[in-house]
Every structure is written in structure tokens, then in C-alpha cells.
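Notes for the one structure printed next.
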Amino acid sequence: MTAIPLRPPRRLVDLTLDGEPVRAPEGSTLLDACRAEGKDIPTLCQGDTLTPKNACRVCVVEVEGSRTLAPACSRRVEQGMEVRTDTERARHSRKVVLELLASSTDLSTTPRAAEWIEEYGAEPDRFGADAARMDEEPKVDNDLYVRDYDKCILCYKCVDACGEQWQNTFAIAVAGRGFDARISTEHEAPLTDSACVYCGNCIEVCPTGALSFKSEFDMRAAGTWDESAQTETTTVCAYCGVGCNLTLHVQENEIVKVTSPHDNPVTHGNLCIKGRFGYQHVQNHAQNRD
């Protein structure tokens, strides 16, 4: 049995957060420190299993002595740092970012987006209908998941999950520049002709619903998707001996999608095609039994 090496405890650093002295582990981020103190900092591109990209800029805070606002998701805590999270400057920046995102993309399935827009008084409609970045139909080219790029905010989380940070498949990347930038397969080929292995780890990290289970997409279209009526049960995948944890999302006694706990030391939220999508036999067995 391989011994797990012991590591020295992380040193604590002292900083000031909105006028209150706090301590945070060395190497942690300002966002970590804020959440530890119960401060609700909005963020979209941050993922607890990915390296921060600083793409959305919704989590910016003021740091004493810093010329610009700092992204809390990636700025590390420092000894003696003075941070203010709810200043007029930070709130105005978040408001503008939310307005720009909501005016150019569809945030209707983004968790908490409507709440933040109201909280910061954002007015996306002031830019007019011409501000929309895309106007295309959802891409439904397989039976497992759907790509609806009208909801994509270009946070790059799916690219990182598919690339060097987890899957190392590199089936998708950012194509184009400026307003033409988009997530795409090589040569814009259908997903079925790409290097995609259908692990669904891109869906796991997508913050807006631009990538979703085909089951969820169909149920939303039919008006039957109801997260409040869903239960979650975590179990162990039975397809192999790795021991991946599965969280089954069940609505009306049917599995509607499968995720994986991000704090699981085996999967860190990632699964293979069998673990994430291979649940149909459960439904078929139940239907045959009935």
C-alpha cells in the first residue's frame, strides 16, 4: 500500500476584508477568503476544479494600492492586504459586466444571473436588440448533449476541461477573434466527426447551460424540466472498478442527468461516457418491469 506523504500545514496570512481582520491559508484566493467569511461574490467563469481564467470579471474587488480592480477568483491573499468587496467602483463594474453579458448572450438558464442583474441594477436592454452576439439554432448532432452557443459567454471552462487540465482530448477550442470568437470543433465539423469522446466533462463545468444533456434540453423545450422537483442521490458507478462517484438527478422516478461530486478524490467532478450517459438501461429495466 502506497503511503501518502505528510505535508506541513499551510501558513495563515492576515488581511483586512471590508474593514474586518481575517485569516486565510497562504496560497488561497480572495474569493476563497470571501466565501469563508460568508460574503457572496458573484462569479461565472470560476470553477472549483479548474485554473481561473479571469474571463468574466464579475468577481472583481478593490485592493488597497492596486490601480485596477482585482479578480477575486485568481488574486492570491497576501499578508497585510486590505480588500473591499462592496464599494461603488466594484458594484458599478459588476453591473456593466452583467449588462454586457446579458445583452449579448442568453442567460436564462444561468444560475443566479437574474438575481445578480436585479441586485446590481443592471439594464441589459439599454444596448438594444443589435447587441446580441449570436443568433443561431442549438446544435443537436448527437443523442447525448446539445450545444446552444447563444448562451455561451466564452468563459473557456469547457476548453480547459476538454484539454490539458482534465480530459486531454482537445476536441474543442476557441475559433475566430473579437465578435466572431466562438467555441468550435476543428474545421467546425459535427461533434460526431470530431475527437470528442463524449465524457461530458464540458457540460459539468459550463456555467450557463450552453452545454446541456439532451434529456434536459428536451424537457426544457417541453416545459417539464423542474429542478425543484428533482432529488439527488450519490452512488458508485458500476461499470468498472475505478470507483467514480455518480450523483443521479431524478425527476418523477426517472434519471434526467448524471453529475459527479467535485470534491471526490477519484473523479474531481469528471466522468467517462459510461458513467455520465450510460443510465438508460435503468429506465428501460423499470419500464419493462412495469
Side-chain angles (χ1 to χ4, degrees), residues 7 9-66 68-98 101-102 107 109-122 153 155-158 160-161 165-166 201 203-209 227 232 234 245 247 259-265 267-270:
R7 295 182 175 87
R10 298 172 71 182
R11 187 172 70 91
L12 297 177
V13 299
D14 296 302
L15 65 150
T16 302
L17 202 57
D18 290 331
E20 297 294 330
V22 300
R23 282 188 166 183
E26 186 178 38
S28 62
T29 65
L30 291 177
L31 185 61
D32 295 331
C34 289
R35 287 176 173 174
E37 295 298 313
K39 296 184 180 295
D40 185 22
I41 306 296
T43 182
L44 291 171
C45 73
Q46 186 266 347
D48 56 358
T49 63
L50 298 167
T51 301
K53 264 289 197 273
N54 307 325
C56 75
R57 317 297 287 190
V58 181
C59 68
V60 291
V61 296
E62 275 199 76
V63 177
E64 185 68 27
S66 177
T68 60
L69 294 171
C73 68
S74 61
R75 184 67 181 268
R76 303 293 179 180
V77 297
E78 299 175 11
Q79 181 67 29
M81 181 181 273
E82 295 185 20
V83 182
R84 294 184 294 275
T85 66
D86 201 38
T87 63
E88 182 179 352
R89 184 184 180 194
R91 292 185 64 88
H92 179 71
S93 177
R94 294 172 191 165
K95 172 186 175 181
V96 172
V97 169
L98 288 168
L101 289 176
L107 299 184
T109 56
T110 303
R112 302 193 64 188
E115 173 189 340
W116 291 331
I117 288 173
E118 181 179 358
E119 178 182 350
Y120 291 99
I153 62 170
C155 67
Y156 311 114
K157 292 170 74 173
C158 60
D160 288 340
Q165 292 197 33
W166 286 117
N201 294 331
I203 304 175
E204 184 74 36
V205 299
C206 180
T208 64
E227 291 188 6
E232 298 180 11
T234 299
N245 276 196
T247 299
T259 59
S260 182
H262 288 196
D263 59 354
N264 182 266
T267 62
H268 300 285
N270 300 297

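One is the number of the first residue; the rest follow in order along the sequence.
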* Between Val58, Thr110, Thr208, which is the residue that forms a side chain to side chain contact (heavy atoms under 4.5 Å, CB included) with Ile153? ->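 Testing each of Val58, Thr110, Thr208 against Ile153, the sole residue satisfying side chain to side chain contact (heavy atoms under 4.5 Å, CB included) is Thr208.
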* Asked: Can you name the one residue among Leu17, Val13, Leu30 that meets side chain to side chain contact (heavy atoms under 4.5 Å, CB included) with Met81?
  ->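 Result: among Leu17, Val13, Leu30, Leu30 is the only option passing the side chain to side chain contact (heavy atoms under 4.5 Å, CB included) with Met81.
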Could you pull out every donor-acceptor pair under 3.5 Å between side chains of residues 70-77 and any protein atom, sequence neighbours left out?
{"unit_1": "Ser74", "atom_1": "OG", "unit_2": "Asn54", "atom_2": "OD1", "d": "2.5"}
{"unit_1": "Ser74", "atom_1": "OG", "unit_2": "Asn54", "atom_2": "ND2", "d": "3.4"}
{"unit_1": "Arg76", "atom_1": "NH1", "unit_2": "Gly27", "atom_2": "O", "d": "2.6"}

* Asked: Would you call Asp14-Arg23 a salt bridge at under 4.0 Å N-O?
  ->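 The answer is yes: the pair qualifies as a salt bridge.
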Calculate, to the nearest 0.5 Å, the distance between atoms [atom1] and [atom2] belonging to [X] and [Y] respectively.
X: Arg57; Y: Ser93; atom1: CZ; atom2: OG; result: 8.0 Å
X: Cys206; Y: Ile203; atom1: SG; atom2: CD1; result: 8.5 Å
X: Leu12; Y: Gln79; atom1: CG; atom2: CD; result: 10.0 Å

Which heavy atom in [X] sits nearest to a heavy atom in [Y], and how many Å separate them?
X: Ala161; Y: Val205; result: CB-CG2, 4.0 Å
X: Thr109; Y: Gly209; result: OG1-CA, 3.8 Å
X: Lys95; Y: Gly121; result: CE-O, 3.2 Å
X: Asn201; Y: Gly269; result: OD1-O, 4.3 Å
X: Val61; Y: Arg84; result: CB-O, 3.7 Å
X: Glu78; Y: Leu15; result: O-CB, 4.0 Å

* To do: Using the test salt bridge (charged side-chain N to carboxylate O under 4.0 Å, His left out), find all partners of Asp160 that sit at least two apart in sequence or belong to another chain.
  =>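 Per chain and number, Asp160 pairs via salt bridge (charged side-chain N to carboxylate O under 4.0 Å, His left out) with Lys53.
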* More than 12 foreign heavy atoms under 6.0 Å from CD of Glu118: is that the case here? ->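 No - once you tally the heavy atoms of other residues, nucleotides and ligands closer than 6.0 Å, there are 12 at most.
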Identify each donor-acceptor pair in which a side-chain atom of residues 40-50 lies under 3.5 Å from a protein atom, sequence neighbours left out, and give them as a table.
{"unit_1": "Asp40", "atom_1": "OD1", "unit_2": "Arg112", "atom_2": "NH1", "d": "3.1"}
{"unit_1": "Asp40", "atom_1": "OD2", "unit_2": "Arg112", "atom_2": "NH1", "d": "3.4"}
{"unit_1": "Asp40", "atom_1": "OD2", "unit_2": "Arg112", "atom_2": "NH2", "d": "2.4"}
{"unit_1": "Asp48", "atom_1": "OD1", "unit_2": "His262", "atom_2": "ND1", "d": "2.7"}
{"unit_1": "Asp48", "atom_1": "OD2", "unit_2": "His262", "atom_2": "ND1", "d": "3.4"}

* **Sidechain-backbone polar pair: Ser28 side chain, Pro25 backbone, donor-acceptor under 3.5 Å** =>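 Looks like yes, one N/O pair under 3.5 Å.
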